[in-house]
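Single-structure report; data block below.
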There are 2 protein chains.
Amino acid sequence: MNRARTFDPHTTLSQVVDLFSSKGYSETSMEDIVQTTGVSRYGLYGTFGTKRELFEQALEQYAEGMGKQSFLRLLEPGASLDHIRAIFDERVADMCCAEEHKGCLFIHTAMQLAPQDEELRGVLQRLMKRMSKAFAIGLDSAKGRGEVSKDVDVDAAGELLTSTMFGLAVLGRTGFPKATLDGIVDSTLGSLQEESK
Amino acid sequence: MNRARTFDPHTTLSQVVDLFSSKGYSETSMEDIVQTTGVSRYGLYGTFGTKRELFEQALEQYAEGMGKQSFLRLLEPGASLDHIRAIFDERVADMCCAEEHKGCLFIHTAMQLAPQDEELRGVLQRLMKRMSKAFAIGLDSAKGRGEVSKDVDVDAAGELLTSTMFGLAVLGRTGFPKATLDGIVDSTLGSLQEESK
DNA sequence: ACCAAATCAGAATGAGAGTTCTGATTTGTA
DNA sequence: TACAAATCAGAACTCTCATTCTGATTTGGT
């Protein structure tokens, strides 16, 4: 054929995800992306399209990565409240004390792009609903194990946990200490537990 | 003396607050501000300084406005859980179904500016702590009225409510319906109530 | 009425953005 | 080996931004 591509799109997209996650959409320039990934403008535009389209693909990969890394285990039978707690602990560890200022790409999208970009808003809604649903399924398993009160509406609680995750991310980005975030996780998960003590 | 200023700084700052709230820092240009406020560049720079400094003043006025409008009543004796619920209801009403895409300036600041701007991050921490403290004081009053469980650590719960407010704002900006946000408010406040039923 | 100082509206400036274009380079195939 | 197609690095282009500058205008004090 001809000259072959010298970069792996998936790897490149991962680096782009990191950039967008830490700085957001507007604050990340194509020049930043070229420098960080080492991929030429030609390669970026030819492979991913415009910056806006690149962002959409980064958002999808970000969600897929979080899904595989964290939320998949909630869909397996036997998922427990500890699994949910572990997800929060992992995310909290990423959020604070991190020099990389790693942020939440969902929040960046919601604040910067969602209001003006109907398509991206739809994508974001779908991803957030998926997240809430995964929490709900995990909560249902935990309920079967007697770890969650029978009074809890798992769908509503799933949305609560999604919302909590975003609140934590905002506080983490503002520089609040890990102890504060841990306290919020404890309160939230504690409120779902059986009231017997 | 000489020619007098033709605008009221406080009124202008209110308009700037609205702009920054709905679009964030980067997406709001000085041209936007000139057009919306009707104030000349000369007036803006002379009165408020650079865009970054203008934003800081807008953030302070935003917080002060929210404080006077919503949180002051929590500091009065006799504050009840209904006062807290009313604050959430008002904020939720602003967040969704709004054509204005009114967002939360705290979140914009946290996501766009806080990591890079140490001073602004400090300001934001102070404002958020004040918000948590107001919640805590309100919760303490509500506890005295028997509306909140005696087991609740009001300081921790205050931080929880602050975090919840941010989670709600993110979901609202993503376009989730009011019912979803109301459900989260109900779950959160419900978890604080006395467990007797 | 007139001066001086501060205002206004908008042009000018310089930096940085996203995107496209260009010549040189690489690589699979004939 | 030579061709052709696709890549690369980076210049070029156009636009927007924040900020400064400029000439005209307003206004309080003498």
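Values below: every heavy atom of this structure, side chains too, minus hydrogens, waters and symmetry copies. Letters go in sequence order (proteins before strands), and every chain restarts at 1.
Side-chain proximity of B/Y42 to the nucleotides C/dT20, D/dA9, C/dT7 is greatest for C/dT7. Distance from the side chain of A/S40 is smallest to D/dC8 among C/dA11, D/dG10, D/dC8.
Taking a 4.0 Å limit (strictly below) on heavy-atom distances, residues 13-38 of chain A does not reach DNA chain D anywhere. Within residues 46-58 of chain B, the residues having any heavy atom closer than 4.0 Å to DNA chain D are, in order of number, B/T50, B/K51.
Among residues two or more places apart in sequence or in another chain, the side chain to side chain donor-acceptor pair (under 3.5 Å) test is passed with A/D140 by none. Partners of A/Y62 according to the ring-ring contact (aromatic ring centres under 6.0 Å, His included) rule, which considers only residues two or more places apart in sequence or in another chain, are A/F106. A search for side chain to side chain donor-acceptor pair (under 3.5 Å) contacts involving B/S132 returns B/T162, not counting sequence neighbours.
The existence of a salt bridge linking B/E31 and B/R41 is confirmed by a sub-4.0 Å separation between a basic side-chain nitrogen and an acidic carboxylate oxygen.
Where A/L44 and A/R41 each meet DNA chain D at their nearest nucleotide, the meeting point lying more 5' is that of A/L44.
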Chi angles and distances behind the salt bridge (charged side-chain N to carboxylate O under 4.0 Å, His left out) call for B/R85, B/E147: CA-CA 12 Å; B/R85 183 178 296 273; B/E147 298 168 346; over 6 Å; no

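Listed by first then second residue, pairs satisfying side chain to side chain donor-acceptor pair (under 3.5 Å) with a partner in residues 66-75 of chain B read B/E64-B/K68, B/R73-B/E90, not counting sequence neighbours.
Looking only at distances, a side-chain donor or acceptor of B/R173 sits under 3.5 Å from a matching main-chain atom of B/S22.
If you measure from atom OH of B/Y45 to atom C1' of C/dC8, you get 16 Å, rounded to the nearest angstrom.
Contact between A/T180 and B/E159 at its shortest, heavy atoms only, is CG2-OE1, 3.5 Å.
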